[in-house]
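These notes are about the structure you will find just below.
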Amino acid sequence: AAPTPIAAPPPGRIQALLYPATSAVGWVSSGDRLNHFGDRNLHAGVFEGHTYYGAMQFSLVSIPVGSRIEQAALELVGLNAEQLGTSGTWTLRLLGSEADKNWAVATYDQIHDAPVLDTIPPELKPQDLIVRQVNVFTLTAAQLAELERRLETGLVSFRLDGPAQGANNLFTWDTGY
């Protein structure tokens, strides 16, 4: 479901609702060399001994270079909690621009090894992960400044991390596709 836009912005300001392209959102697993972009699932956590990351990239080309970004948030809707454990932390990572290149064919290793610039609040616990509930990650002032720098390249990529080892502990968000 599309997010509800906030009231119309004041004159001279724009509101942009961005969605990742089908080929730029999905998941990767340590047990599989290929990515699963274009999938409905955005897995993060550990399952049957394999680490899963959700991954997504957004095109920023609809926002004029040089714009000042006053606010940005990423909304994810819970899809499946059947493999969710009782502990652990799930985080949304803003990746370095090195990760933006060749994103559509990124492998598990490339996404796992991508430089993390920052963690976008909040960190989620199992009690925050509910099917059909929206999790909202809101960028900080420093993260907004990085997003403004990324307007030059027109791309920004994120990784969803969950527990990386131990018993099955996996949560799945909906990619929207």
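By convention here, the first residue in the shown sequence is residue 1.
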Tell me whether the centres of the aromatic rings in Phe37 and Trp103 are closer together than 6.0 Å. yes
Crowded around [X] [atom1]? As in, over 12 foreign heavy atoms under 6.0 Å?
| X | atom1 | result |
| --- | --- | --- |
| Asp113 | CG | yes |
| Glu152 | CD | no |
| Gln127 | CD | yes |

Which donor-acceptor pairs under 3.5 Å do side chains of residues 115-124 form with protein atoms, sequence neighbours excluded?
| unit_1 | atom_1 | unit_2 | atom_2 | d |
| --- | --- | --- | --- | --- |
| Asp118 | OD2 | Gln143 | NE2 | 3.1 |
| Thr119 | OG1 | Arg93 | NH1 | 2.3 |

Between [X] and [Y] (side chain of the first, backbone of the second, donor and acceptor by atom type, cut-off under 3.5 Å), is there such a pair?
| X | Y | value |
| --- | --- | --- |
| Glu148 | Ile69 | yes |
| Arg159 | Ile111 | yes |
| Gln133 | Asp128 | yes |
| Ser29 | Gly31 | yes |

request  = For Leu60 and Leu147, run side-chain contact (heavy atoms from CB on, under 4.5 Å): C-alpha distance rounded to whole Å, both residues' side-chain angles, the deciding distance at 0.1 Å, then the answer.
outcome  = CA-CA 9 Å; Leu60 303 173; Leu147 207 53; 4.2 Å; yes
Closest contact, heavy atoms only, [X] versus [Y]:
| X | Y | value |
| --- | --- | --- |
| Asn35 | Ala104 | ND2-O, 3.0 Å |
| Gln110 | Val105 | OE1-O, 3.8 Å |
| Ser157 | Asp100 | OG-OD1, 2.6 Å |
| Ile63 | Ala16 | CG1-CB, 4.1 Å |
| Pro163 | Gly88 | CG-CA, 4.0 Å |
| Gly162 | Ala44 | N-CB, 4.1 Å |

Within a strict 4.5 Å, meaning less than it, do heavy atoms of the [X] and [Y] side chains meet?
| X | Y | answer |
| --- | --- | --- |
| Val136 | Leu74 | no |
| Thr107 | Val28 | no |
| Gln57 | Val156 | no |

Just verifying a value: how many Å separate [X] [atom1] and [Y] [atom2], rounded to the nearest 0.5 Å?
| X | Y | atom1 | atom2 | value |
| --- | --- | --- | --- | --- |
| Gln71 | Thr138 | CD | OG1 | 7.0 Å |
| Asp161 | Thr51 | CG | OG1 | 9.5 Å |
| Phe47 | Glu82 | CZ | CD | 9.5 Å |
| Leu42 | Leu79 | CG | CG | 9.5 Å |

By salt bridge (charged side-chain N to carboxylate O under 4.0 Å, His left out), Glu146 pairs with (sequence neighbours left out) Arg149, Arg150
With sequence neighbours left out, the residues meeting ring-ring contact (aromatic ring centres under 6.0 Å, His included) with His112 are Tyr53, Tyr108
side-chain contact (heavy atoms from CB on, under 4.5 Å) between Leu18 and Ser59, worked out = CA-CA 8 Å; Leu18 305 179; Ser59 169; over 6 Å; no
Quick one: do Leu94 and Leu76 end up in the same hydrophobic cluster if we chain Ile, Leu, Val, Met, Phe, Trp and Tyr together by side-chain heavy atoms under 4.5 Å apart?
yes
Using a 4.5 Å side-chain heavy-atom cut-off and chaining through intermediate ILVMFWY residues, the residues clustered with Val46 come out as none
Applied to residues 133-168, the ring pair (Phe, Tyr, Trp, His ring centres under 6.0 Å) test, sequence neighbours excluded, yields Phe58-Phe158
Audit row: Leu84, Trp90, side-chain contact (heavy atoms from CB on, under 4.5 Å) steps and yes/no: CA-CA 11 Å; Leu84 186 62; Trp90 282 258; 3.5 Å; yes
Contacts table for residues 164-177: side-chain donor-acceptor under 3.5 angstrom, sequence neighbours left out:
| unit_1 | atom_1 | unit_2 | atom_2 | d |
| --- | --- | --- | --- | --- |
| Asn168 | OD1 | Glu48 | N | 2.7 |
| Asn169 | OD1 | Gly85 | N | 2.6 |
| Asn169 | ND2 | Ser87 | O | 2.6 |
| Thr172 | OG1 | His43 | ND1 | 2.7 |
| Trp173 | NE1 | Asn135 | OD1 | 2.8 |
| Asp174 | OD1 | Gly176 | N | 2.8 |
| Asp174 | OD2 | Arg40 | NE | 3.4 |
| Asp174 | OD2 | Arg40 | NH2 | 3.3 |
| Thr175 | OG1 | Asp39 | O | 2.8 |
| Thr175 | OG1 | Arg40 | O | 3.2 |
| Thr175 | OG1 | Tyr177 | N | 3.2 |
| Tyr177 | OH | Pro20 | O | 2.4 |

